Amino acid sequence: MTKPRNAFYAQSGGVTAVINATAAGVIETARKHKRHIGKLYAGRDGIVGALTEDLIDTSAESPATIRALRHTPAGAFGSARFKLKGLEQNRAEYERLIEVFKAHDIGYFFYNGGNDSMDTALKVSQIGTALGYPITCVGVPKTVDNDLPLTDCCPGFGSVAKYIAVSTREAAMDVASMARTSTKVFVLEVMGRHAGWIAAAGGLAGTRAGEAPHIILFPEIAFDEAAFLARVKQSVDTQGYCVIVVSEGVKYPDGRFLAEAGSRDAFGHAQLGGVGPVIAALVKDKLGYKYHWAVADYLQRAARHIASKTDVNQAYAVGKAAVEYAVKGMNAVMPAIIRKSSQPYRWVIEPVRLADVANVEKKVPRNFITAEGFGITPACRRYLSPLIAGEDYPPYVDGLPDYVRIKGKSVKRKLKTPFRI
Ligand code: F6P
């Protein structure tokens, strides 16, 4: 029998309300496979923890703490936006990773992230071959943007979708109450850099004609100012008010974002934010209506108190499957959620190749957006509805959710050389 090897788990990219549920799935399952997996180390702040040999020993965490991760939002181990370049461009980073993996006898690599992270996971999986170090690498899906291909949805999305659908419905009731004498327009800005899945979820708020949101602005549809303003006016004239859900990624026909904050992250992505006030000011300027706007920002992806039960279950399931694949020796794969039916929603987890996932963005298809470009179709509703189904409330103490913090015990460093990132 071969000797068990240690494993490395890292959270990557923007965190979610349920990424820790995936961590719980990974850790609890690894603990059941002691014949294959010795210790499970987590990177402090993601891959940066691996490069700087800053590892957390998850075996120091109690079963109760790991169980509580299932209802705790954000990244318990810390996450990172840090892109490993190609092997040719920055061999030093890969050599350092191998050095750290070797020093700690790490034979399994679990990388929990979105689009860019699956690319990194794929590259790390190639290290084994290129640098002669055997490592089994599994990407574990996560992104509120819901833009990974081949999986029905991405863990993290269902909970954001639920938060946005609920918030849109509630804020719309507020505006409707005030509209006769005060606010006529409410704008909610949501995340989703290149894909409008989260904006689409706002559309779940209304189920009958005339109900909010009256306008959804998708990154997939070039912004048409005249058509938009006409629609706002029509909504105020007929309903008395207008609720708009706008994706941070909305662009002008020439490809410029309506709101670009100016800075870029490690992957070269523009930092977005602020399209809500841009849209609200446009409405005031051209139509004169009183408005309120809100930017859901981190509130939406941290909102564990109103998480989708479906999402929590899927997040845990992909973590569990990732470990099961790894101990079977399946390399360079990602557990994907495969929809078997929509009503009732039935799904299974199946492996897909990282090479087929990395760097591919799944956008909202045109047949999910109404012809004039401002709403969602019944097909889109059928796709989205099951993903927000069910509640999985965290325990509350003194009126507040009782979230857990890990001890975060450091693994003793073995390497002499520091590594600067
Ligand atoms: O990648 C997910 C995401 O939530 C995007 O929708 C958003 O643009 C981005 O992350 C924000 O990331 P950060 O927290 O690094 O600014």
Side-chain angles (χ1 to χ4, degrees), residues 3-13 15 19-20 22-23 26-27 30-31 36-61 65-66 69 74-113 116-140 142 265-267 319 322-323 326 331 405-421:
K3 208 170 127 282
R5 300 186 66 203
N6 297 326
F8 174 79
Y9 165 78
Q11 302 182 322
S12 174
V15 294
I19 187 172
N20 289 330
T22 299
V26 169
I27 297 167
R31 287 180 179 185
H36 293 93
I37 300 180
K39 295 252 190 176
L40 176 70
Y41 299 139
R44 199 183 302 278
D45 302 323
I47 196 79
V48 168
L51 290 166
T52 56
E53 207 196 352
D54 193 356
L55 307 175
I56 296 169
D57 184 357
T58 69
S59 71
E61 309 295 337
T65 295
I66 302 304
L69 285 178
F77 305 95
S79 187
R81 284 209 189 274
F82 184 84
K83 191 172 174 77
L84 286 177
K85 300 196 187 70
L87 253 179
E88 325 67 49
Q89 291 136 282
N90 201 342
R91 206 177 168 84
E93 276 173 1
Y94 290 90
E95 285 171 353
R96 172 64 177 190
L97 273 184
I98 293 300
E99 201 186 4
V100 173
F101 289 163
K102 259 189 197 160
H104 294 275
D105 191 27
I106 288 165
Y108 303 94
F109 177 84
F110 300 105
Y111 207 38
N112 196 182
D116 297 315
S117 316
M118 291 305 120
D119 175 52
T120 305
L122 177 62
K123 285 180 182 146
V124 174
S125 80
Q126 293 160 346
I127 294 176
T129 329
L131 299 179
Y133 181 80
I135 184 148
T136 303
C137 178
V138 180
V140 198
K142 166 252 47 161
D265 69 16
F267 296 86
V323 174
N331 193 18
R405 266 179 204 284
I406 59 157
K407 272 195 263 175
K409 183 180 170 229
S410 293
V411 176
K412 202 167 172 316
R413 284 195 158 83
K414 297 194 174 179
L415 298 174
K416 297 270 175 296
T417 44
F419 189 84
R420 261 181 244 301
I421 57 157

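We number each residue from 1, following the sequence as shown. As the structure is a computational prediction, the values presented were derived from the model and not from experiment.
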Legend entry - With sequence neighbours excluded, residues passing side chain to side chain donor-acceptor pair (under 3.5 Å) with Tyr94: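 If we apply the side chain to side chain donor-acceptor pair (under 3.5 Å) test to Tyr94, skipping adjacent residues, there are no hits.
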
Legend entry - For Thr65, all residues meeting side-chain contact (heavy atoms from CB on, under 4.5 Å), sequence neighbours excluded: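 For Thr65 the side-chain contact (heavy atoms from CB on, under 4.5 Å) partners, ignoring immediate neighbours, are Glu61, Ser62, Val404, Ile406.
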
Inset, instruction - Kindly write out the residues that satisfy ring pair (Phe, Tyr, Trp, His ring centres under 6.0 Å) with Phe8, not counting sequence neighbours, or none if the list is empty. - result: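 For Phe8 the ring pair (Phe, Tyr, Trp, His ring centres under 6.0 Å) partners, ignoring immediate neighbours, are Phe101, Phe109.
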
Legend entry - Minimal non-hydrogen separation, Pro4 against Gly38, with atom names: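 Looking at all heavy atoms of both residues, the shortest contact is CB-N, 3.9 Å.
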
Legend entry - Residues Ser12, Tyr111; criterion side chain to side chain donor-acceptor pair (under 3.5 Å); working and verdict: CA-CA 7 Å; Ser12 174; Tyr111 207 38; 3.3 Å; yes

Inset, instruction - Return the minimal non-hydrogen interatomic distance between Ala103 and Leu415, and the atom names on each side. - result: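 So the minimum-distance heavy-atom pair works out to CB-CD2, 3.9 Å.
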
Inset, instruction - Please tell me if the side chains of Lys39 and Ser59 come closer than 4.5 Å, counting only heavy atoms from C-beta onward. - result: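 Yes, side chains in contact.
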
Inset, instruction - Quick one: which residue pairs count as a salt bridge (charged side-chain N to carboxylate O under 4.0 Å, His left out) with a foot in residues 42-52, not counting sequence neighbours? - result: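 Pairs touching residues 42-52 that pass the test: Arg44-Asp54.
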
Legend entry - Heavy-atom pair with the smallest gap, counting every atom of Val100 and Ala50: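 The answer is CG2-O, 3.2 Å.
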
Inset, instruction - First locate atom CG of Leu51, then atom CZ of Phe419, and finally report the distance between them rounded to the nearest 0.5 Å. - result: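 That separation rounds to 5.0 Å.
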
Legend entry - Listed partners of Arg91 passing side chain to side chain donor-acceptor pair (under 3.5 Å), at least two apart: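 If we apply the side chain to side chain donor-acceptor pair (under 3.5 Å) test to Arg91, skipping adjacent residues, the hits are Glu95.
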
Legend entry - Partners meeting ring pair (Phe, Tyr, Trp, His ring centres under 6.0 Å) with Tyr108 (sequence neighbours left out):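 Tyr108 satisfies ring pair (Phe, Tyr, Trp, His ring centres under 6.0 Å) with no residue once adjacent residues are dropped.
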
Inset, instruction - Could you verify whether a donor N or O on one side chain and an acceptor N or O on the other, from Asn112 and Tyr9, lie under 3.5 Å apart? - result: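 Result is yes, a qualifying pair exists.
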
Inset, instruction - Just grab all the salt bridge (charged side-chain N to carboxylate O under 4.0 Å, His left out) pairs involving residues 120-139, residues at least two apart or on different chains. - result: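 Salt bridge (charged side-chain N to carboxylate O under 4.0 Å, His left out) check on residues 120-139 returns Asp119-Lys123.
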
Inset, instruction - Drop me the distance from Glu93's CD to Lys83's NZ, to the nearest 0.5 angstrom. - result: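 The NZ atom of Lys83 is 11.0 Å from CD of Glu93, to the nearest 0.5 Å.
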
Legend entry - Point-to-point distance, once rounded to the nearest 0.5 Å, from CG of Asp57 to NZ of Lys407: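 Reported value, rounded in 0.5 Å steps: 9.5 Å.
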
Legend entry - Ile37 CD1 to Thr136 OG1 distance, which is reported to the nearest 0.5 Å: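 Nearest 0.5 Å value for the CD1-OG1 distance: 9.5 Å.
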
Legend entry - Sequence-distant partners of Gln126, side chain to side chain donor-acceptor pair (under 3.5 Å), two or more places apart: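 For Gln126 there are no side chain to side chain donor-acceptor pair (under 3.5 Å) partners, ignoring immediate neighbours.
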
Inset, instruction - First locate atom CG of Leu122, then atom SG of Cys137, and finally report the distance between them rounded to the nearest 0.5 Å. - result: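 Interatomic distance, Leu122 CG to Cys137 SG, rounded to 0.5 Å: 8.0 Å.
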
Legend entry - side-chain contact (heavy atoms from CB on, under 4.5 Å) partners for Ala92, two or more places apart: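 For Ala92 the side-chain contact (heavy atoms from CB on, under 4.5 Å) partners, ignoring immediate neighbours, are Asn90.
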
Inset, instruction - Verify, without hydrogens or angle tests, whether Arg413 (side chain) and Thr52 (backbone) share a donor-acceptor contact under 3.5 angstrom. - result: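 Checking the backbone N and O of Thr52 against the side chain of Arg413, a donor-acceptor pair under 3.5 Å is found.
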
Legend entry - Steps toward side-chain contact (heavy atoms from CB on, under 4.5 Å) verdict (Val124, Leu97): CA-CA 9 Å; Val124 174; Leu97 273 184; 4.0 Å; yes

Inset, instruction - Go through the structure and list residues passing salt bridge (Lys or Arg N to Asp or Glu O under 4.0 Å) with Glu99, not counting sequence neighbours. - result: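 So Glu99 forms a salt bridge (Lys or Arg N to Asp or Glu O under 4.0 Å) with Arg96.
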
Legend entry - Where Val15 and Gly75 come nearest, the two heavy atoms and their spacing: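 That closest heavy-atom pairing would be CG1-N, 3.7 Å.
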
Legend entry - Partners passing side-chain contact (heavy atoms from CB on, under 4.5 Å) against Thr58 (at least two apart in sequence or in another chain):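 Ile27, Leu40, Ala42, Phe77.
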
Inset, instruction - Quick one: list whatever passes salt bridge (Lys or Arg N to Asp or Glu O under 4.0 Å) with Arg31, sequence neighbours left out. - result: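 Arg31 satisfies salt bridge (Lys or Arg N to Asp or Glu O under 4.0 Å) with no other residue.
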
Inset, instruction - State the OG1-NZ distance between Thr120 and Lys85, to the nearest 0.5 angstrom. - result: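 Output value for this atom pair is 11.5 Å.
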
Inset, instruction - Kindly indicate whether the side chain of Asn20, heavy atoms from C-beta on, has any atom under 4.5 Å from the side chain of Gln11. - result: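 Asn20 vs Gln11: side chains touch.
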
Legend entry - Option among Arg5, Lys414, Glu53 that satisfies the side chain to side chain donor-acceptor pair (under 3.5 Å) test with His104: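 Of Arg5, Lys414, Glu53, side chain to side chain donor-acceptor pair (under 3.5 Å) with His104 is met by Glu53 alone.
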
Legend entry - Pair Asp105 + Lys3: basic N to acidic O under 4.0 Å: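 Judged by the 4.0 Å cut-off on N to carboxylate O distance, Asp105 and Lys3 do form a salt bridge.
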
